[in-house]
Protein chains: 2
Amino acid sequence: MRNIDEIDRKLLNILQDNSRVTIRELSERLHLSTTPIHERIKKLEKNGYIKRYITLLDPKALGKKLTVFISVSLSSHTKEVVDAFEHEVKKLPEVMECYYVSGNWDFLLKVQCNDMEDYHNFVIHKFSVIKNITQFYSSFVMSESKQTYKYEL
Amino acid sequence: MRNIDEIDRKLLNILQDNSRVTIRELSERLHLSTTPIHERIKKLEKNGYIKRYITLLDPKALGKKLTVFISVSLSSHTKEVVDAFEHEVKKLPEVMECYYVSGNWDFLLKVQCNDMEDYHNFVIHKFSVIKNITQFYSSFVMSESKQTYKYEL
DNA sequence: TGTGAAAACCCACAGGT
DNA sequence: ACCTGTGGGTTTTCACA
């Protein structure tokens with residue numbers, strides 16, 4: 001976290017909000033010339049602070065209207081079983097996120113589908129056929145109160 | 001979803017992977033001149049397919065090493081109580097995501113903290129003081145098997 | 001680390017097919 | 001819906017402080 005000063009902090013905050021901001025605009029907002037801005041960004045990329053620049057689409061515009069969180073229990077927690085489950089899950093495009101978690105369940109998955117029919121087919125044909133699942137529980141998202149990928153620095 | 005053709009589909013796939021790709025490079029990869037690429041992107045923005053261009057940082061590089069999912073039950077489900085909870089939660093920078101969900105729990109939150117001590121302070125001073133929470137359950141993320149914000153089109 | 005300037009590169013738009 | 005050409009803006013690099 002340290003190795004980054006106040007200027008880097010401001011730079012990262014602006015970039016998190018808008019990855020297409022021009023270096024020229026950044027230089028004006030931070031009262032520097034374009035050269036140090038350019039060099040700082042390259043350095044932040046090189047040092048692993050900046051992972052990637054992405055475009056966020058609107059899932060609803062694409063017809064993806066159903067988000068489901070699935071909690072999963074596996075029959076065993078050996079490396080083989082856990083790795084095999086993760087491997088299968090990674091291949092499913094409907095699974096946007098998958099976490100190995102502590103507590104009552106072993107995995108938590110975020111799944112994006114078009115609608116309930118699409119989800120039904122996903123569960124029957126793609127998800128429930130994965131080996132070593134002993135139990136799973138679906139929570140349907142009714143509304144999204146907050147969603148951000150920005151860390152306030 | 002429809003109104004977008006094969007070229008738009010490819011455009012969106014590339015942009016999701018890299019929001020800083022130049023129009024020139026897109027035009028070369030899609031065998032078109034820059035003009036139609038530029039026009040298509042503006043149209044996709046205008047029609048709501050493209051929401052925003054963001055920069056993803058590495059939370060670990062920033063010292064944010066603990067991710068927790070919190071399941072929450074509220075004492076009532078009237079609009080007032082639900083809205084008030086959402087309002088409080090939105091103010092907390094540690095809460096990255098918050099969903100109103102069906103099932104055993106009312107809300108599912110994704111929380112990002114530096115470490116367990118930081119999480120402890122978050123729970124004691126910021127989260128558990130929110131009104132109308134009857135019960136909550138923390139699941140700590142041990143590993144992240146998959147995380148993508150890309151919809152394969 | 002920073003500035004300023006120049007070269008290379010890219011965007012955005014006009015006019016035309 | 002697409003192409004080419006162009007003026008103006010942007011990025012990237014360099015000499016220098």
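What you are looking at is a predicted structure, and each value in this text was computed from that prediction instead of being measured. Letters A, B, ... mirror the listed sequences (proteins, then strands); counts begin at 1.
- The CD atom of A:E6 sits 15 Å away from the P atom of C:dT1 (whole-angstrom rounding).
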Q. What does nucleotides 5-12 of chain D look like as a protein-contact string, B for base, S for sugar-phosphate only, - for none, at under 4.0 angstrom between heavy atoms?
A. -----SBB
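- An OP1 or OP2 oxygen of D:dA1 is reached within less than 4.0 angstrom by no side-chain nitrogen or oxygen of B:R40.
- Taking the six-membered ring for Trp and thresholds of 30 and 60 degrees, B:F85 and B:F107 have ring planes inclined between 30 and 60 degrees apart.
- In this structure, B:I41 places its CD1 atom 13 Å from P of D:dC2, rounding to the nearest Å.
- The CG atom of B:L30 sits 16 Å away from the P atom of D:dA1 (whole-angstrom rounding).
- Atom CG of B:L11 is separated from atom C1' of D:dA1 by 14 Å (rounded to the nearest Å).
- Checked by atom type and distance alone, the side chain of B:Y137 pairs as donor or acceptor with a backbone atom of A:N104 at under 3.5 Å.
- The closest donor-acceptor contact from the side chain of B:T34 to the backbone of B:R24 lies at 3.5 Å or more, if one exists at all.
- Atom CD1 of B:I4 and atom C1' of D:dA1 are 17 Å apart (whole Å).
- Atom-to-atom, NE2 of B:H31 to P of D:dC3 comes out at 12 Å; the value is rounded to the nearest Å.
- Side-chain atoms of A:T55 come within 3.5 Å of backbone N or O of B:L15 as a donor-acceptor pair.
- At whole-Å resolution of the value, CG in A:D8 and C1' in C:dG2 are 14 Å apart.
- With hydrogens and angles ignored, the 3.5 Å screen pairs no side-chain donor or acceptor of A:D8 with any backbone N or O of A:I4.
- A donor-acceptor distance shorter than 3.5 angstrom exists from the side chain of B:T134 to the backbone of B:S73, with no hydrogens or angles considered.
- Comparing atom distances between the A:I7 side chain and each of D:dC3, C:dG2, C:dT3 picks out C:dG2 as nearest.
- When rounded to the nearest whole Å, the span between CD of A:E39 and C1' of C:dG2 equals 9 Å.
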